[in-house]
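Lettering follows sequence order; numbering is per chain, from 1. It should be emphasised that the depicted structure is a prediction, and the values quoted were computed from it without experimental measurement.
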Amino acid sequence: MPELPEVEYVARQLRAAVLGRRITHAAVLWARTVTPMDAREFEARVSGQRITSINRRGKHLIVVLDGGDALAIHRRMSGNLILERAREEALYVRVAFTLDDGQLLLFTDPRKFGRVTLTSNGEIERSLAELGPEPLAPDFTAAVLAERLGASRRAIKAALLDQRIVAGLGNIYADESLFHARIHPLRPAGSLNRREVTALREAIVATLLNGIEHGGTTFGRHRDIYNEAGSNLEHVQVYRRTGKPCPRCGTPITRITVAQRGTHFCPKCQRLRGASSRP
DNA sequence: CTATAAACCTGCTGGC
DNA sequence: TGCCAGCAGGTTTATA
């Protein structure tokens, strides 16, 4: 579930809460979460390192440690980072970090798809090298987006979910962005004209910023580090609103499957025909 | 290149 | 009320 806004929101909270803290102890409760590293090796190597910075790249949360290592955390479908003052009752804990001020930082993950990877700083950079541009960075221009989409004939929805095209978009924010830009999800990615690419870039930025502002979208499992749900679901226009009226024109929202993912759009505002092509 | 399916996992929902 | 098939925000890998 966690897409860029959910990861960014948590990154900001963690910066305020655990920056500068030393990890005094780590416990791996589900070994596959830290693959490919051995669980005991992970615990030994992370213990004693201090948290020097917290960053985000796409949907990856990067916790930089003073021993030359970094933790790359990907929450995948159901992972959360929960901060506890003392041992409370968090469920599905896969990795537990004890900090030097007594706080407990827990990686919880019912479905066990999430990953907490410990590697050297250089290694992390290499593993993230394939990611596309950061959509909230100032250099994410319409020209950059157009260049990334190239002449691809795949559906624009599928392209937006591809982290090599743009980093951080997932199913929710892809649908919302296309709705705001009035682009049909099945449009071939390379067929968008200049005006449409510009509108899409603006829609992506606005949609993501909106999501961050509301603490992320929670319809299932996303929680912030204090175990609070985000409120952005109240603000989405099409995602999971099949059959409900389009907020713009009243036409019922349609749901189709694109790239094996549920895809929601307004059939009147987002037309497939009548589109011009980009040379 | 593009598309599709399957795999990794568990919990929740909707239909019967 | 109860059971079960199907579905879920993500990514990777195999196959056509």
Side-chain angles (χ1 to χ4, degrees), chain A residues 1-10 29-36 56-61 72-81 90-95 107-117 126-132 148-179 185-191 204 207-208 210-212 214-224 229-243 255-265:
Chain A
M1 70 177 275
E3 306 179 28
L4 187 153
E6 290 73 32
V7 180
E8 176 64 24
Y9 190 76
V10 159
L29 286 76
W30 181 255
R32 296 197 67 166
T33 300
V34 301
T35 49
R56 179 194 55 74
R57 180 77 173 92
K59 301 172 189 172
H60 297 79
L61 182 71
I73 301 172
H74 198 303
R75 298 160 61 190
R76 294 284 182 96
M77 296 286 263
S78 62
N80 279 313
L81 283 156
L91 299 172
Y92 312 111
V93 177
R94 306 308 179 196
V95 184
F107 181 75
T108 66
D109 186 20
R111 290 180 72 178
K112 301 176 178 172
F113 287 168
R115 292 291 176 264
V116 179
T117 319
R126 236 195 301 164
S127 69
L128 301 178
E130 299 247 309
L131 287 178
R148 284 272 152 178
L149 296 175
S152 171
R153 276 178 289 159
R154 70 212 283 223
I156 184 65
K157 167 71 184 280
L160 291 182
L161 292 177
D162 185 340
Q163 301 300 296
R164 295 169 300 185
I165 305 291
V166 182
L169 285 176
N171 211 33
I172 299 172
Y173 297 97
D175 279 3
E176 293 297 307
S177 297
L178 289 170
F179 171 77
L186 287 177
R187 283 284 301 287
S191 78
I204 288 170
T207 298
L208 294 176
N210 215 39
I212 296 169
H214 296 116
T217 306
T218 299
F219 75 79
R221 298 202 157 93
H222 161 68
R223 295 291 186 281
D224 68 15
S231 66
N232 195 54
L233 190 61
E234 301 162 25
H235 303 273
V236 300
Q237 312 280 288
V238 291
Y239 181 72
R240 269 187 136 229
R241 301 192 73 252
T242 311
R255 181 192 151 116
I256 59 175
T257 298
V258 181
Q260 305 179 84
R261 314 297 297 280
T263 298
H264 316 74
F265 68 104

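When the side-chain nitrogen and oxygen atoms of His74(A) are compared with OP1 and OP2 of dT11(C), one or more of them lie within a distance under 4.0 Å. Taking side-chain N and O atoms only, Arg255(A) has a distance below 4.0 Å to OP1 or OP2 of dA8(C).
Residue ring and base: Phe113(A) does not count as stacked with dT11(C) (centre distance below 5.5 Å and interplanar angle below 30° not both satisfied).
Heavy atoms of Gln163(A) sit under 4.0 angstrom from primed sugar atoms or phosphate atoms, though from no base atom.
At whole-Å resolution of the value, CG in Asp109(A) and C1' in dG10(C) are 11 Å apart. Atoms CG (Asp175(A)) and C1' (dA8(C)) sit 14 Å apart, rounded to a whole Å. In this structure, CD of Glu6(A) is placed 9 Å from P of dG10(C), rounded to the nearest angstrom. Computed from coordinates, the Arg261(A) CZ to dA5(B) C1' distance equals 14 Å when rounded to whole Å. If you take NZ of Lys157(A) and C1' of dA3(B), they are 16 Å apart, rounded to a whole angstrom.
When the nearest nucleotides of DNA chain B are assigned to Arg240(A) and Gln260(A) by heavy-atom distance, the more 5′-ward of the two goes with Gln260(A).
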Pair up each side-chain donor or acceptor in residues 236-243 of chain A with any protein partner under 3.5 Å, not counting sequence neighbours, and list the distances.
{"unit_1": "Gln237(A)", "atom_1": "NE2", "unit_2": "His235(A)", "atom_2": "O", "d": "3.2"}
{"unit_1": "Arg241(A)", "atom_1": "NH1", "unit_2": "Gln237(A)", "atom_2": "O", "d": "3.1"}
{"unit_1": "Arg241(A)", "atom_1": "NH1", "unit_2": "Pro245(A)", "atom_2": "O", "d": "3.3"}

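Taking atom P on both dC9(B) and dT13(C), the two are 15 Å apart, rounded to the nearest angstrom. Atom P of dC3(C) sits at a distance of 27 Å from the matching atom of dC8(B), rounded to the whole Å. Atom name C1', nucleotides dT1(C) and dT10(B): the rounded distance is 24 Å, in whole Å. Taking atom C1' in both dC1(B) and dG10(C), the straight-line distance is 23 Å, to the nearest Å. Comparing the same atom, P, in dC4(C) and in dA7(B) gives a spacing of 22 Å after rounding to whole Å.
Although no hydrogens or angles enter the test, the distance criterion places no donor-acceptor pair under 3.5 Å between the side chain of Thr108(A) and the main chain of Tyr92(A).
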For nucleotides 10-12 of chain B, list the nitrogen or oxygen atoms of the protein found under 3.5 Å from its nitrogen or oxygen atoms, one pair per line.
{"unit_1": "dT10(B)", "atom_1": "OP1", "unit_2": "Lys112(A)", "atom_2": "NZ", "d": "2.8"}
{"unit_1": "dG11(B)", "atom_1": "OP1", "unit_2": "Tyr92(A)", "atom_2": "OH", "d": "2.9"}
{"unit_1": "dG11(B)", "atom_1": "O4'", "unit_2": "Arg221(A)", "atom_2": "NH2", "d": "2.8"}
{"unit_1": "dG11(B)", "atom_1": "O3'", "unit_2": "Arg221(A)", "atom_2": "NH2", "d": "3.4"}

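Comparing dC8(B), dG10(C), dA8(C) by their nearest atom to the side chain of Tyr239(A) picks out dA8(C).
Pairs of Watson-Crick or G-U wobble type, with distances under 3.5 Å, assemble into runs of 3 or more in DNA chain B at these ranges: B:2-8 with C:10-16, B:10-16 with C:2-8.
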